[in-house]
There are 2 protein chains.
Amino acid sequence: MPKVGMEPVRRKALVDAALRVIGDQGTLAVTMSDIARRAGVSPALAHHYFGSKEQLLIETVRSLLRQLRDDTVTALNAATAPREKLSALIRVSFQASQFAPDTIAAWLAFYSEAQRSEDVRRFLVVYARRLRSNLMANLKVLCPVDDAERIAEGAAAMIDGLYIRQSLRSAPIGIEASIALTEDYVTSHLDQLHRQGRAP
Amino acid sequence: MPKVGMEPVRRKALVDAALRVIGDQGTLAVTMSDIARRAGVSPALAHHYFGSKEQLLIETVRSLLRQLRDDTVTALNAATAPREKLSALIRVSFQASQFAPDTIAAWLAFYSEAQRSEDVRRFLVVYARRLRSNLMANLKVLCPVDDAERIAEGAAAMIDGLYIRQSLRSAPIGIEASIALTEDYVTSHLDQLHRQGRAP
DNA sequence: TTTTATTGATTGATGAGTCAATCAAAAATA
DNA sequence: TATTTTTGATTGACTCATCAATCAATAAAA
């Protein structure tokens, strides 16, 4: 079986498996064996490629983040006007891939882990900053900066909040409703500023 | 030292210790030893009183929830008009005790745990429902039910979202700003309905 | 023959849960 | 009151299981 060039294949399989297992169990207290089994290889191989569990976990957050960034870039490119870009940002956050129970559970687990691992925390901060700055960039052209800051903060919070609530699988508000709620938030605040003559 | 009547004292001390240790480490992967040490007793004693780690953890969520409920009841009683009660609900959510880093980290850890433990999940669902229903009760008298539902959902999401963002200790928007943001959300949506003639 | 992929077996650490023993207060009895 | 018995509080020592990490061995490719 030893075919050459397996490394990238195995790395990806292991990271994917980690994501799924973490999603399942909702915790980072998963074992290397669990992950390896799901990936269809021996635990020893997981260590061979990643060196340690910590490292494999880091790689897993990173992949989650990369996925989100790629989706974001694509969505942003498809839109032109600032208001459209805002919608695109919202939509991406709730995209099917991000809204899958496994993915949500994994994000949550990492948020919790961030308390302990400075590395994990750094990655999540990057995510938070990126979302915020993307929102800001487009809001800024639609209203004064300080208002933009508030709206960005609020929208980001709402997005995160809808996520966490989704993880409980209660009051199961779906993708479309989540998008509508966030859109509504942005629209109504922008309108309000407009009426007050503080925005174009 | 064996003084009689220690049971309630020890139980409370252990639950408090669990909360603090979980807050510290941001994970439920804490050991009974950690908790017992923080409470100043032997690990064996923790088992003696709670039977298992799971049970101690359950007791800990429960205490968190009880605290929140008591605060809510108090705040709600202090307010009279519906709009005031809404403000009270928002304020309670961000009260110092709830917004303490330890407490936030603990909530997060439990959210993550909910994926695995049906018991923990049940408690968190209770929290989510309670917040929602409290908001609804007061919104209903200020606007049509279906609008009330949307606003309640949005406000609840925003509250949860501000929490989770707080846990990262980045873009650290403080208590007052969090309250203002949520208030703003409610006010502006209520106003909007009012202008449209769909609310008194 | 050297390199890459892969695993079974093993090690060392850690942690949950058990248990028997200890100590002191309270209750019962003389 | 003095003494014995019972009960609650508490722990040290132990067991058993699990898990991350290591390593030597095997097998295929180059």
Side-chain angles (χ1 to χ4, degrees), chain A residues 1-22 24-61 109-110 112-113 115-120, chain B residues 1-22 24-61 109-110 112-113 115-120:
Chain A
M1 306 172 184
K3 268 202 185 142
V4 135
M6 278 286 98
E7 172 148 3
V9 178
R10 292 276 118 106
R11 289 188 94 98
K12 182 169 190 321
L14 282 163
V15 166
D16 286 356
L19 198 65
R20 286 209 305 280
V21 177
I22 292 167
D24 262 18
Q25 309 195 194
T27 172
L28 294 200
V30 296
T31 71
M32 284 298 251
S33 303
D34 286 339
I35 297 172
R37 191 174 324 119
R38 179 85 63 125
V41 300
S42 78
L45 195 66
H47 273 101
H48 174 66
Y49 283 127
F50 289 94
S52 73
K53 182 178 164 184
E54 169 89 5
Q55 209 45 49
L56 170 50
L57 257 24
I58 298 278
E59 220 51 56
T60 307
V61 208
F110 283 121
S112 183
E113 178 70 5
Q115 220 68 20
R116 231 187 338 171
S117 161
E118 186 52 34
D119 282 320
V120 170
Chain B
M1 306 180 180
K3 269 203 185 144
V4 137
M6 278 288 98
E7 172 149 3
V9 177
R10 290 277 119 103
R11 288 188 96 97
K12 182 169 188 322
L14 282 163
V15 165
D16 287 355
L19 198 67
R20 286 209 305 279
V21 177
I22 292 167
D24 262 18
Q25 309 195 195
T27 172
L28 294 200
V30 296
T31 71
M32 284 298 251
S33 303
D34 286 340
I35 297 172
R37 191 176 323 118
R38 179 84 63 127
V41 299
S42 78
L45 195 66
H47 274 101
H48 174 66
Y49 282 127
F50 288 94
S52 74
K53 182 177 162 184
E54 169 90 5
Q55 209 46 49
L56 170 51
L57 258 27
I58 299 277
E59 220 52 54
T60 307
V61 207
F110 283 121
S112 183
E113 178 70 6
Q115 221 67 20
R116 232 189 336 173
S117 161
E118 185 52 34
D119 282 319
V120 170

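Chain naming here is simple, since letters A, B, ... match the order of the sequence lines and numbering starts at 1 in each. All of these numbers come straight from a predicted model, not from anything done at the bench.
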Test log, rule side chain to side chain contact (heavy atoms under 4.5 Å, CB included), inputs Val61(A) and Glu113(A): CA-CA 11 Å; Val61(A) 208; Glu113(A) 178 70 5; over 6 Å; no

Side chain to side chain contact (heavy atoms under 4.5 Å, CB included) for Ile58(B) and Val120(B)? Distances and angles first, verdict last. CA-CA 6 Å; Ile58(B) 299 277; Val120(B) 170; 4.1 Å; yes

Please report the C-alpha distance between Glu59(A) and Leu14(A) in whole Å, then the side-chain angles of each, then the deciding distance to 0.1 Å, and finally whether the side chain to side chain contact (heavy atoms under 4.5 Å, CB included) criterion is met. CA-CA 10 Å; Glu59(A) 220 51 56; Leu14(A) 282 163; over 6 Å; no

Between protein and nucleotides 7-11 of chain C, what N or O pairs are separated by less than 3.5 Å?
residue : atom : partner  : partner atom : Å
dT7(C)  : OP2  : Ser42(A) : N            : 3.0
dT7(C)  : OP2  : Ser42(A) : OG           : 3.2

For each nucleotide in nucleotides 12-17 of chain C, reading 5' to 3', give B when a protein heavy atom comes within less than 4.0 Å of its base, S when such contact involves only the sugar-phosphate, and - otherwise. ---SSB

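The shortest non-hydrogen separation linking Ala13(B) to Ala39(B) is O-CB, 3.9 Å. In terms of heavy-atom proximity, Ile22(A) sits nearest to Ala109(A) at CG2-CB, 3.8 Å.
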Review item, side-chain donor-acceptor pairs of residues 43-57 of chain A, under 3.5 Å, at least two apart:
residue  : atom : partner  : partner atom : Å
Ser52(A) : OG   : Gln55(A) : N            : 3.2
Lys53(A) : NZ   : Val30(A) : O            : 2.7

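With contacts defined as side-chain heavy-atom distances shorter than 4.5 Å, the pair Arg38(A)/Asp24(A) qualifies.
Distance check: Leu28(B) CG to Thr60(B) OG1 gives 9.0 Å after rounding to the nearest 0.5 Å.
Contact between the side-chain N/O atoms of Tyr49(A) and the OP1/OP2 oxygens of dT6(C) is found at a separation under 4.0 Å.
Leu14(A) has its CG atom 13 Å from the P atom of dA5(C), to the nearest Å.
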